[in-house]
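Remarks on the structure that follows.
Chain naming here is simple, since letters A, B, ... match the order of the sequence lines and numbering starts at 1 in each.
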Amino acid sequence: MQISGWLFDAYPCARGMVLWVLDEAGQMHSCTSAYHPVFYLTGPVQLLKQARDWFATTKIQLRTELIEKREFYSDDLVPALEIQVENPLHYIPLTQRVLRQVNELEPATCDIPLPQLFFIHTGMFPLCQLAVSLDGQGELQEFQVLDSPEDVNYPYPPLRTLKLRVEGENYNPGHSRNSSLIAEFDGREILLEEESILDEINRLLRNYDPHLVLTQWGDSFLIPKLLQLARQQQKRIAWDRGPQGMLKGLKGRSYFTYGKVVYVAPEIDFRGRWHIDQINSFIVHESGLEGLFELARLSKIPIQRIARVSTGTCISAMQLEVAIRENYLVPYRKHQAEEFKTAEELLIIDKGGLTYQPILGLHEDVAEMDFASMYPTIMTQFNLSPETLNCLCCPDAARVPEAEYRICEKRIGLIPKTLKTILFKRMQYKQQKKYGPDAVSRAVADRKQSALKWLLVTCFGYLGYKNARFGKIEAHESTTAIGREILLRAKEYVEARGFQLIHALTDSLWIQKPGTPAGDYEKLGEELSVAMGIPISFEGLFRWINFVPSRQNPEKPVPNRYFGIYENGELKLRGIEARRSDSPRYIQKVQKQMLEVLKECRTVGDCRQRIPFLLGLLAAALDQLKSGQVPFQELVVNRRLSQDPLTYEKANISAIASQQLLSQGIQLAPGERVQLVYLNSQARIPTERVRAYSLLDGSCSYDVSKYSELLLKATEALLFHFGWTVEKLAGTLKHGNPKTQSREGSWGSLSWPRPS
DNA sequence: AAAGTACGGGG
DNA sequence: GTGTACGTACTTT
């Protein structure tokens, strides 16, 4: 039998791998492919021979062979024992046992998930186009992969999608009393009745037969709840095609990444059908399904798995593949300790990106110039990789500035090789995003390029992690050292051409020269790219940009608190309330309302003229707060827990709200979010200060003065430059009649405009 | 005043 | 089965 279509899923079974193929007509086919995965041991030949004898005595069916493979760091050919396991289901137990037992031998290529190993071995990848021929038992005889992970214009399969979500606000439904389930499919939306919910879902699965069940809160709440209901009613839900799959565990994972704790709920996979929980997937959240598919194709991680992993795992998977393809042994875990450095050297090296202090206040006609993918480009162009830094083969190689490390001149590093593919694909997607034929294809290209952007960001961070498989702190330090050097040179270059530096941050410059047209900045970008050797682009010209001072010390600028308006009318906000995810929606709304007014101003003078109107907006918003008319949803503070609710030392709002939920039997893990409303922020008894959003009842009323204060602060952020502080705003509004400093001009008896 | 906790950045 | 920076804002004690 011949089948052609998209490779939908793959997972191990006793005879090899189960493959699911989705054809053009939307029909799903499964087959098995023989597969016998291998791993390696390295070390002295004598010991390898002993190990070979030991393997001969185990009951597990396998085949061993003494061969030679390349050692990753030295690039030398070394003796290795290849162990091929007959039954893939024996692979993990055996490698685990070997890992526990060996001490003088070094295991290699032994901890890579089997679907990935299979994909690398066969050249298949998730969603590749595949033609297979099967025998009568559904066993794969021949196959052909018809496209490549490097393609940028690949077709998607025709997917029937069933969306499931809980009605109402999109906060964790596990925090509140149950509400109704909504199913969306085929352009229809239906409310599932509670009494017949299991039958209705089974009917949907049978009749509509979705390929993808796309949920919100499916992993953490929705699917477990339905499975629990099914157990109670002794029914089965037909999520899986064929035999039922296994749950991956009951507890989620909390881990620390990029300065914060994240929580990933346990993965619930289906067989012959995908389950993707949008809420539980960083990649889907950031880059949509197209971003997810893009990363699955590149990293060769199956769809349901990749939906729950970090982009670090993706980039790591891609590096693994490059290493395996080039016949390297993949190190089990990092061998090397960080090379010795003196305290003085550490001080020089251990700095991140270069940060300047912006010139405080409002500036007109400021251009922003950004280096595109600065760190990945540096890593690629300077050949920065764990095995190229201070290699043994090039003692006289050129040195990295400041750090004085050497970079290999003989071998192109694993990291640059991996990055090259990504940078090239991303560049093409950015072109498609700009020049695509229609809005839909431009949006898809944007999601694909955004997924790749995250790979690039993580690739740099990953180099600096001490236990990364392919990490080396010296490569990380070299990247930032070169980055600082380049930014510094760029600064000097523009200053020499008469531009004033307003601000600079890692890979961006804000510069000013009155009367310079946008076209000149475009040209400057091109010149700079040539001079610096890495691409820098003109991001846009600000009509005006306002760098907000530090709250602790109003004399002091901070690098990441500013707002401005580009020539094209687009706003750019950083660090202010409207941009922060923990600001209540009401505060965000009012600040955005004010920004919408400022957006229409072409000059600083125009901004000043609009101040009375902004004060009117503020007064109206304060009145509305005072009247008690603002709905609770608008006042919710959304926070991410950094730890277990019971381990908090201080009674801060996150601790209080999460403990309130705990007392109702709702357990939150580190990294999960909690929603709360201020009730009486000054209360002596902590639990009276705030209330978890899902526990609010009719007796509650919000803390007017707390929210008023937040509004005043949000207004101050916008108007500080014009002399309006929280105190002055409060004083002025209390008297109902704005008193202004003489230097601001007077509009004493102007009536307040009240927005409708 | 010191210490605890949380957020942004990347596009 | 990830990839634990770093500076600022704000709160609690």
Side-chain angles (χ1 to χ4, degrees), chain A residues 111-113 116 248-249 253-262 264 267 282 286-287 291 301 305-306 308-317 333-334 350-353 355 357 370 372-376 426 429-430 433 446-447 449-471 473 476 480 505-508 539 548-553 556-561 572-577 579-583 637-643 647-656 670 673-674 681-682 684 686 689-690 706 709-710 713 717:
Chain A
D111 56 348
I112 298 160
Q116 274 165 259
K248 290 250 161 119
R253 327 186 299 271
S254 299
Y255 60 88
F256 199 91
T257 172
Y258 287 89
K260 70 181 178 202
V261 181
V262 297
V264 180
E267 173 176 344
F282 174 83
E286 289 294 322
S287 314
I301 298 172
R305 186 83 267 275
I306 201 170
R308 280 89 177 172
V309 303
S310 77
T311 46
T313 305
C314 299
I315 192 82
S316 173
R333 59 167 173 258
K334 226 189 108 162
D350 193 24
K351 291 183 287 189
T355 306
Q357 303 279 40
D370 290 347
S373 306
M374 186 196 233
Y375 287 160
R426 177 147 186 255
Y429 288 141
K430 279 179 138 179
K433 178 192 167 187
D446 189 30
R447 288 196 279 277
Q449 74 81 21
S450 139
L452 299 185
K453 176 208 67 185
W454 281 108
L455 286 189
L456 298 177
V457 169
T458 334
C459 186
F460 162 69
Y462 177 83
L463 263 187
Y465 177 51
K466 65 179 183 304
N467 292 321
R469 206 194 287 270
F470 296 113
I473 193 68
H476 187 269
T480 55
L505 189 62
T506 311
D507 56 0
S508 307
E539 181 70 15
V548 181
S550 159
R551 277 244 168 82
Q552 328 273 288
N553 175 3
K556 199 183 133 201
V558 291
N560 254 320
R561 239 164 99 79
K572 177 152 183 171
L573 316 177
R574 288 296 179 270
I576 63 173
E577 287 77 359
R579 175 89 185 176
R580 290 180 63 102
S581 69
D582 64 341
S583 307
V637 176
N638 194 345
R639 297 253 249 180
R640 186 194 291 277
L641 299 185
S642 64
Q643 51 189 290
T647 63
Y648 279 97
E649 292 179 31
K650 300 271 168 81
N652 66 49
I653 55 175
S654 305
I656 298 167
R673 288 183 167 279
V674 62
S681 66
Q682 300 296 312
R684 211 176 46 80
R689 292 174 195 160
V690 299
K706 178 69 188 178
E709 186 194 326
L710 292 177
K713 282 181 177 166

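Computed from coordinates, the A:Leu505 CG to C:dG7 P distance equals 12 Å when rounded to whole Å. Separating the CH2 atom of A:Trp454 from the P atom of B:dG9 is a distance of 11 Å, rounded to the nearest angstrom. Rounded to whole angstrom, the span from the CG atom of A:Asn560 across to the C1' atom of C:dC6 amounts to 11 Å. If you take CD of A:Glu649 and P of C:dT13, they are 11 Å apart, rounded to a whole angstrom. As rounded to whole Å, 6 Å separates atom P of C:dA5 from atom CZ of A:Phe256. Per the geometry, CG belonging to A:Leu573 stands 13 Å off C1' belonging to B:dG8, to the nearest Å. In this structure, A:Phe282 atom CZ and B:dG10 atom C1' are separated by 9 Å, rounded to whole Å. A:Tyr429 has its OH atom 19 Å from the P atom of B:dG11, to the nearest Å.
No engagement by A:Lys433 is indicated, since no non-hydrogen atom pair under 4.0 Å with the nucleic acid exists. Heavy atoms of A:Val309 sit under 4.0 angstrom from primed sugar atoms or phosphate atoms, though from no base atom. Residue contacts for A:Ser310: at a heavy-atom cut-off of 4.0 Å it reaches the sugar-phosphate backbone alone, with no base atom in range. A:Val558 comes within 4.0 angstrom of the backbone, heavy atoms only, and of no base. Residue contacts for A:Gly312: at a heavy-atom cut-off of 4.0 Å it reaches a base atom on one of the strands shown. Within 4.0 Å (heavy atoms only), A:Arg426 reaches sugar-phosphate atoms of the nucleic acid but no base atom.
A close approach under 4.0 Å does not occur between any side-chain nitrogen or oxygen of A:Arg580 and OP1 or OP2 of C:dT8. The phosphate of B:dT5 has OP1 or OP2 within less than 4.0 Å of a side-chain N or O from A:Gln643. Between A:Gln552 and the phosphate of C:dT8, there is no side-chain N or O to OP1/OP2 separation shorter than 4.0 Å. Between A:Arg253 and the phosphate of C:dG1, there is no side-chain N or O to OP1/OP2 separation shorter than 4.0 Å. Dashed line: the shortest gap from a side-chain N or O of A:Arg689 to OP1 or OP2 of C:dT11 is not under 4.0 Å. Considering only side-chain N and O atoms, A:Ser316 lies nowhere under 4.0 angstrom from the phosphate OP1 or OP2 of C:dT2. Phosphate contact (OP1/OP2 of C:dT11, side-chain N/O of A:Lys706, threshold under 4.0 Å): present. In terms of phosphate contacts, A:Lys556 brings a side-chain nitrogen or oxygen within less than 4.0 Å of OP1 or OP2 of C:dT8. The phosphate of C:dG7 (OP1 or OP2) has no side-chain N or O of A:Thr355 nearer than 4.0 angstrom.
You'll find the side chain of A:Asp111 reaches within 4.5 Å of the side chain of A:Arg469, heavy atoms only. With contacts defined as side-chain heavy-atom distances shorter than 4.5 Å, the pair A:Pro670/A:Leu641 does not qualify. The shortest distance between side-chain heavy atoms of A:Arg426 and A:Ser373 falls below 4.5 Å. With a 4.5 Å cut-off on side-chain heavy atoms, A:Val264 and A:Phe282 do not count as touching. Counting heavy atoms from C-beta on, the side chains of A:Trp454 and A:Ile315 never come closer than 4.5 Å. Looking at heavy atoms from C-beta onward, A:Ile306 lies in side-chain contact with A:Cys314 at the 4.5 angstrom threshold. Contact annotation: the side chain of A:Asp582 never approaches that of A:Arg640 to less than 4.5 Å [non-hydrogen atoms, C-beta and beyond].
For A:Thr313, the side-chain atoms get nearest to C:dG1 when compared with the rest of C:dG1, B:dT5, B:dG10. For A:Asp507, counting side-chain heavy atoms from C-beta on, the closest listed nucleotide (C:dT2, B:dG11, C:dT11) is B:dG11. Listed nucleotides: B:dG10, C:dT4, C:dG1. Nearest to the side chain of A:Asp111: C:dG1. Side-chain proximity of A:Arg574 to B:dG10, B:dC7, C:dT8: nearest is B:dG10.
Taking the C1' atoms as reference points, B:dG11 lies 24 Å from C:dT4, given to the whole Å.
For A:Tyr375 against A:Gly353, the heavy-atom pair with the smallest separation is OH-CA, 3.5 Å.
With hydrogens and angles left out, the side chain of A:Arg579 and the base of B:dG11 share a donor-acceptor pair within 3.5 Å.
A:Arg551 places a side-chain N or O within donor-acceptor distance of the main-chain N or O of A:Lys713, the cut-off being under 3.5 Å.
Two residues, A:Lys650 and A:Arg673, neighbour DNA chain B, and the one matched to the more 5' nucleotide by heavy-atom proximity is A:Lys650.
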Output field dot_bracket for DNA chain C (Watson-Crick or G-U, both distances under 3.5 Å, | for other-strand pairs) contains .....||||||||
